[in-house]
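Just so it is clear, the values below take in all heavy atoms, side chains as well, and ignore hydrogens, waters and symmetry mates. Numbered from 1 within each chain, the chains take letters A, B, ... in sequence-line order.
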There are 2 protein chains.
Amino acid sequence: MDAAQIEQVRRFNRTVTERVGVLHDHYLGRDRPVGEARLLWEIGEQGQDVRRLRQRLGLDSGYVSRLLRSLEADGLVTVQPQPEDRRVRTVRLTDAGLAERAALDARSDELAGALLGPLNTAQRARLVAAMAEVDRLLTAATVTLDIVDPHHPDARHCLRSYYAEIQERFETGFDPTRSLLPDAAELRPPHGLLLIARLHGEPVGCAGLKLPPGAPAEVKRMWVAPDARGLGLGRRFLAELEARAAKHGHSVLRLDTNKALTAAISLYHSYGFQEVAAFNDERYAHHWFEKRIAAPLTTPTQRPCPDGEAGSVGAGP
Amino acid sequence: MDAAQIEQVRRFNRTVTERVGVLHDHYLGRDRPVGEARLLWEIGEQGQDVRRLRQRLGLDSGYVSRLLRSLEADGLVTVQPQPEDRRVRTVRLTDAGLAERAALDARSDELAGALLGPLNTAQRARLVAAMAEVDRLLTAATVTLDIVDPHHPDARHCLRSYYAEIQERFETGFDPTRSLLPDAAELRPPHGLLLIARLHGEPVGCAGLKLPPGAPAEVKRMWVAPDARGLGLGRRFLAELEARAAKHGHSVLRLDTNKALTAAISLYHSYGFQEVAAFNDERYAHHWFEKRIAAPLTTPTQRPCPDGEAGSVGAGP
DNA sequence: CCAGTCCTCTGACTAGGGTCAGAAAATGGA
DNA sequence: TCCATTTTCTGACCCTAGTCAGAGGACTGG
């Protein structure tokens, strides 16, 4: 991270907050305070629990309540207790609310149009491409990795999605009972661990690590949600797992995988794994990989890793 | 401008306002209201007139005054009337103010670092490159073109800079008295016009157009400030002049230029000009160009123009 | 069935950021 | 000289966005 990079980022921040920020307030805050507009937007067409709204926007419960009352007074929303749990209340947009939200939507489009407007066709295409890149990388930077218990709801969500995906993608389908599935205890300290990637609090990927004493560490059940692919998450998982395996004194990391997972296979290659002979008799595996790993040097989360990127459905079941 | 582009711009806006915006307030608003911080920053190390501050930040005079008083109370600035015009007051940072500004600067660096921090080396490089592109194009989009009188201070500034630059770049130097200089009347309606490009209110380029009745329109004195090159301004000038010439009923646009201005020459080629035989005896010209132009179809400022980009020192004296 | 917890709401309060209408001083042109 | 204009300052306001401390209804485990 050199001074020129820092300088460029700062210039970017200035330009963007000026240009986008000003237009943002101008277009979106036209009739309605920004807080209400944000809330109206977040409620969505389906409606939302107040609790979730608070969580997603990171707002004080009192504040949300007040905003909702204001929207209710304008006839834009209705708030009703949930039948199953009458403490939780659900907000729904009325027809007027839906119309208002649509207007907001149109204004967001206008705003975007105002940014592109003064440019010619080629410049527009370049701007949009660069924005996509910035967007993708900034999003990637907000993904957090945490160790969670395999029974945590987020973990279960990811593992279920993982099984569903490989069941569909493996040529032979996938039957969990015929695979060498690690049970939860194997992915729970001290025998191993399970990482969950979260984006804005939502689980978007998982990766397990087995740490058998006296044997190579093993990557298991690496999966990245379709929405979160292209963010370099697979690589980041591998880097994190490698660092953690090293910290536990392992000098070899290995994994097996199915031939259908081509993106994962090329990730393993590019990340420095070597294909080796089968080291287990997993019936769904076609490839076995191994990588020698070094003693830990820097903190795991900050450690840079080699360049490149790859799809992210991952290490064998 | 299609729906997918709009959608991407909106996604960009969301991500950026979230990520940059949140960090911005977190880092910069730490001890001090954002308004004061902005002002402190804008005063700069040299000091500033209150009037200019107000102008540049687009703030109410009362508000600025209040902010200044608050900074003064904290011992960060001193405000003194200008000797020449005692209505205008000049703000200068005290030593404490300079220190505070430096601290602010450091925090801006931290902020930029926080954006890059979670990424690996390759990702950082890509993010910075994409940010530079977005920055450049958004900046380009904020440049305005206006017709001004050749005697307007901004026009004089550009023309002076233009002469200074060609004097330096022409192999033989440049002596205005030996060139076919159009006088001010030729670049003033109805005989012609002079466009000034402005970025944040500062003049950053000019381009003149002669509209002799019954003869081809002629581009004169096209110049773009060094800071503003690479924004596609040269091309934009040409497109604007072409549209205006067409609107005045001209069907040919021509210009002459010096061989030292290579970037300009390639711009003319790529914009669709054909090199032709000398149509005047300008002693500083080596190349003469001509382009057939069409009747106007759409509004001049929004009309898209062919792709590409080029440097922008321009059409002959 | 009851004690503790969860969820939402209410009232009271704050800071920031900004607008508006003059007032006062300085200047410039007729 | 006098009057209009420019520039800054002051006081009186406003709204938004939020925080904090309870109150009270609804649920849950023992």
Side-chain angles (χ1 to χ4, degrees), chain A residues 17-18 21-22 24-43 47-74 77-92 104 153, chain B residues 17-18 21-22 24-43 47-74 77-92 104 153:
Chain A
T17 50
E18 213 174 275
V22 166
H24 189 268
D25 294 356
H26 177 253
Y27 279 95
L28 298 189
R30 211 142 49 176
D31 332 309
R32 191 164 293 289
V34 178
E36 288 183 20
R38 257 201 303 167
L39 198 58
L40 202 55
W41 182 260
E42 202 65 38
I43 290 166
Q48 270 292 340
D49 296 352
V50 173
R51 185 177 36 172
R52 277 192 83 79
L53 284 177
R54 232 179 30 220
Q55 235 172 13
R56 293 184 55 145
L57 294 170
L59 298 176
D60 177 82
S61 67
Y63 184 34
V64 169
S65 180
R66 211 172 306 281
L67 289 174
L68 284 176
R69 205 116 6 79
S70 160
L71 291 174
E72 217 172 2
D74 291 357
V77 304
T78 58
V79 183
Q80 285 175 325
Q82 264 189 6
E84 316 94 72
D85 182 345
R86 299 179 44 79
R87 291 172 303 183
V88 180
R89 307 188 68 188
T90 303
V91 197
R92 245 173 266 284
L104 225 60
Chain B
T17 51
E18 213 173 277
V22 166
H24 189 266
D25 295 356
H26 177 253
Y27 279 95
L28 297 188
R30 211 140 52 178
D31 332 311
R32 191 164 293 290
V34 177
E36 290 183 18
R38 257 200 304 166
L39 198 58
L40 203 54
W41 182 260
E42 203 64 39
I43 290 167
Q48 271 292 340
D49 295 352
V50 173
R51 185 179 34 174
R52 276 192 84 79
L53 284 176
R54 230 180 31 217
Q55 234 172 14
R56 293 184 55 144
L57 294 170
L59 299 176
D60 177 82
S61 68
Y63 185 33
V64 169
S65 179
R66 213 173 305 282
L67 289 173
L68 284 175
R69 203 100 8 78
S70 161
L71 290 174
E72 215 173 3
D74 290 357
V77 304
T78 58
V79 183
Q80 285 175 329
Q82 263 190 5
E84 316 93 73
D85 183 343
R86 295 176 49 76
R87 289 172 304 183
V88 180
R89 306 189 68 186
T90 303
V91 198
R92 245 173 266 284
L104 224 60

#### Entry: For atom CD of Q82(B) and atom P of dT27(C), their distance in whole Å
10 Å

### Task
Mind checking the CZ-CG spacing from R32(A) to L39(A)? Nearest 0.5 Å is all I need.
11.0 Å

### Query
Between S70(A) and R66(A), do the side chains contain an N or O donor and an N or O acceptor separated by less than 3.5 Å?
no

### Task
Give a yes or no answer on whether the side chain of R69(A) reaches the backbone of S65(A) with a donor-acceptor pair at less than 3.5 Å.
yes

### Message
Quick check for you: to the nearest 0.5 Å, what is the distance between R51(A) atom CZ and T90(A) atom OG1?
### Response
9.0 Å

### Summary
Walking DNA chain D from its 5' end, the first of L68(B) and E84(A) to be reached, judged by nearest nucleotide, is L68(B)

### Query
R51(A) has a side chain; which of dC9(C), dC7(C), dC9(D) sits nearest to it?
dC7(C)

### Message
Using 0.5 Å steps for rounding, measure from the CG atom of L68(B) to the CG atom of L40(B).
### Response
10.0 Å

### Task
Side chain of S65(A) only, please: which of dC9(D), dC9(C), dT7(D) is the nearest?
dC9(C)

### Task
Take the protein atom CG of L57(A) and the nucleotide atom P of dT19(D), then report the distance between them rounded to whole Å.
12 Å

## Note on the structure
To the nearest angstrom, the CG-C1' distance between L71(B) and dG16(C) comes to 14 Å

### Query
If you measure from CD on Q80(B) to CZ on R86(B), what distance do you get to the nearest 0.5 Å?
10.0 Å

#### Entry: Side-chain donor/acceptor of D60(A) to backbone N/O of G62(A), under 3.5 Å
yes

### Query
Can you tell which of Q82(B), R89(B), R87(B) makes a side-chain hydrogen bond (donor to acceptor under 3.5 Å, both in side chains) with D85(B)?
R87(B)

### Value in whole Å for how far the P atom of dG16(C) lies from CZ of R69(B)
17 Å

Polar atom pairs between nucleotides 22-26 of chain C and protein, under 3.5 Å, N or O only, would you list them?
residue: dA26(C); atom: O3'; partner: R86(B); partner atom: N; Å: 3.4

Between the protein and nucleotides 16-18 of chain D, list every N/O to N/O distance that falls short of 3.5 Å.
residue: dA17(D); atom: OP1; partner: V34(A); partner atom: N; Å: 3.3
residue: dA17(D); atom: OP1; partner: G35(A); partner atom: N; Å: 3.4
residue: dA17(D); atom: OP2; partner: G35(A); partner atom: N; Å: 3.2
residue: dG18(D); atom: OP2; partner: R38(A); partner atom: NH2; Å: 3.3

### Summary
Residue pair G62(B)/G62(A) against DNA chain C: nearer the 5' end by closest nucleotide is G62(A)

### Task
Round to the nearest Å and state the distance from Q80(B) atom CD to dT8(D) atom C1'.
15 Å

### Any R89(A) side-chain N or O less than 4.0 Å from OP1/OP2 of dC9(C)
yes

### Task
Take L57(B) and V64(B) through the test side chain to side chain contact (heavy atoms under 4.5 Å, CB included) and record every step on the way to the result.
CA-CA 9 Å; L57(B) 294 170; V64(B) 169; 5.9 Å; no

